[in-house]
Structures are given as structure tokens and as C-alpha cells.
Amino acid sequence: MPDAGQTLEADKIAKEIKRAGIRFVVALPDRVTSHHLLKAICQDPDFRVVQVCKEDEGVSICSGLYATGHRALLLIQYTGLLDSINALRAIAVEGENPVCLMVGMLGKEPGVAPKESKRYGVRIVEPILDAMGIEHHLIENPEETDKIVPAIESAYARSGPVALLIGREPK
């Protein structure tokens, strides 16, 4: 794993999201991404933020935006990902919709692979995404933000979901 002491920058993540053509960010605030990343996105006039009460609503909204020609990103915590598995299965996987998820991995230890985490919920995220055939990428260090644009482009090219797992709180 890369150096556990590196800082993940919210502004760089927001820039990469924008570079991928995302203009709608559907969000249910979480402890990993809200303080810096969601605030930066809310202050950027190029983004439109849609706040939701439940993560599975966000899956549907992102799919609806895609149907109307827009790109969207669902910003949630891993607990919400686990809570919205059925919506992801039906709408994103079976419905072949490019639902792009940015998932805060609350409690994940820096420098530790998610599958090696001491936290049960963090540890099961990747195996569940693998079982569902959902492409996923861990973003924990500055150089890993380069994965954002290709991952989103891939989701739209193949009409399938992608999960970008944020392994530490961006600053």
C-alpha cells in the first residue's frame, strides 16, 4: 500500500469529478466526504447538488439523470452502499445504468487494504462489489485521484456501475 501519511485533497477530487463530465452530485452527507469534499462541491457553481434522504433514492436519481442525458455521481458512505444493494442490483447492474458511486469508507485504517480492515463493514464492501460485478477502485492517496476520470468514463462506455472507494477523509 502507498504511504499512509499522504493527504488526499478534496479540491483535486472535485476537479477530477468535473473533468469526467459530472455536473450533478447526488449526496447523502457522510463523515468521510462531507466536511471538505461535499462543501467544496456545493460552493462550485459548475455542480448541482441534489441531497437525498436514502441512498437507494440516489441510485434512482442518478439513473434518471443518465436517461435525460446528464452525468451524475452519488456521494455516500459505505453503510449506505450496503443499505442500497437491491437498488444497485436492479437499477445499475441489471438495468445497465452507469451509476457512479463515490463511497466514504468510514473507519478504514490508512494504509490497510479494505479486505484487511478490522472493521467488518469495511472488510465486506469489496467482496460484495466483486460478487455483483461492480467495478471498484480505492482512492486513498493523492496519486490515486487519477483513477477517477477513467473509472467514470468506463462506467458510461459499458453502461454499468462503478464505485470509487474513498479510503481516508479528504482535506
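This structure is a prediction, so every number in the text was calculated from the model and none was measured.
Residues P170 and H36 come closest through the heavy atom pair O-CD2, 3.1 Å. Heavy atoms only, all atoms of each residue included: Y156 and H70 are closest at OH-O, 4.0 Å. The nearest pair of heavy atoms linking P142 to T145 is O-OG1, 2.8 Å.
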- Message: Between I17 and M102, is the side chain to side chain contact (heavy atoms under 4.5 Å, CB included) condition met? List the steps.
- Response: CA-CA 10 Å; I17 293 168; M102 186 163 280; 4.0 Å; yes
Trace of the side chain to side chain contact (heavy atoms under 4.5 Å, CB included) decision for N141 with L8 = CA-CA 5 Å; N141 296 296; L8 194 56; 5.8 Å; no
- Task: Starting from the C-alpha separation in whole Å, work towards a yes-or-no answer on side chain to side chain contact (heavy atoms under 4.5 Å, CB included) for V26 and V59.
- Result: CA-CA 9 Å; V26 180; V59 172; over 6 Å; no
* Report the C-alpha distance between V103 and L164 in whole Å, list the side-chain angles of each, state the deciding distance to 0.1 Å, and finish with yes or no for side chain to side chain contact (heavy atoms under 4.5 Å, CB included). => CA-CA 6 Å; V103 182; L164 300 161; over 6 Å; no
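Clustering ILVMFWY residues whenever any of their side-chain heavy atoms sit less than 4.5 angstrom apart, transitively, puts I22 in the very cluster that holds L75. Note on L37: it does not cluster hydrophobically with V162, by side-chain heavy-atom contacts below 4.5 Å among ILVMFWY residues. Put simply, I139 and V149 are part of two different groups of oily side chains (I, L, V, M, F, W, Y) that touch within less than 4.5 Å, one to the next. Linking Ile, Leu, Val, Met, Phe, Trp and Tyr whenever their side-chain heavy atoms come within less than 4.5 Å puts L74 and L88 in one cluster.
In terms of modelled atom types and a separation under 3.5 Å, the side chain of E144 and the main chain of E140 share a donor-acceptor contact. No donor-acceptor distance shorter than 3.5 angstrom exists from the side chain of K18 to the backbone of D46, with no hydrogens or angles considered.
The pair R19-E16 meets the salt-bridge criterion, with a side-chain N (NZ, NE, NH1 or NH2) lying under 4.0 Å from an Asp/Glu carboxylate O. A salt bridge links R158 to E135: one of the charged nitrogens lies within less than 4.0 Å of a carboxylate oxygen. With salt bridges taken as basic N to acidic carboxylate O contacts below 4.0 Å, one links R89 and E94.
Taking CG from L81 and CG from D56, the interatomic distance works out to 11.5 Å, rounded to the nearest 0.5 Å. Here the CD1 atom belonging to I91 is positioned 14.5 Å from the OH atom belonging to Y66, to the nearest 0.5 angstrom. The line from CZ of R119 to CD1 of I124 is 13.0 Å long, rounded to the nearest 0.5 Å. To the nearest 0.5 Å, atom CD1 of residue I148 and atom SG of residue C100 are 11.0 Å apart. A distance of 11.0 Å separates CZ of R168 from CD1 of I166, quoted to the nearest 0.5 Å. Atoms CD1 and CD1, on I134 and I128 in that order, are 10.0 Å from each other to the nearest 0.5 Å.
More than 12 heavy atoms of other residues, nucleotides or ligands sit less than 6.0 Å from atom CZ of R123. No more than 12 heavy atoms of other residues, nucleotides or ligands lie within 6.0 Å of CD in E96, so this atom counts as exposed by the packing criterion. The number of heavy atoms from other shown groups lying within 6.0 Å of NZ (K15) does not exceed 12.
With contacts defined as side-chain heavy-atom distances shorter than 4.5 Å, the pair I85/E55 does not qualify. Looking at L101 and L73, their side chains never come closer than 4.5 Å, going by heavy atoms from C-beta outward. Counting only heavy atoms from C-beta outward, the side chains of R48 and V25 never approach each other to under 4.5 Å. Two residues are said to be in side-chain contact when any heavy atoms from C-beta on lie closer than 4.5 Å; P161 and V93 meet this criterion. With contacts defined as side-chain heavy-atom distances shorter than 4.5 Å, the pair V49/Q51 qualifies. Using a 4.5 Å cut-off on side-chain heavy atoms (C-beta onward), L165 and L129 make contact. Using a 4.5 Å cut-off on side-chain heavy atoms (C-beta onward), M105 and P114 make contact.
Judged purely by distance below 3.5 Å, without hydrogens or angles, the side chains of H136 and D130 pair a donor atom with an acceptor atom.
Remark: R71 fails to qualify as a cation-pi partner of F24 under the 6.0 Å distance and 45° angle criteria applied to the six-membered ring.
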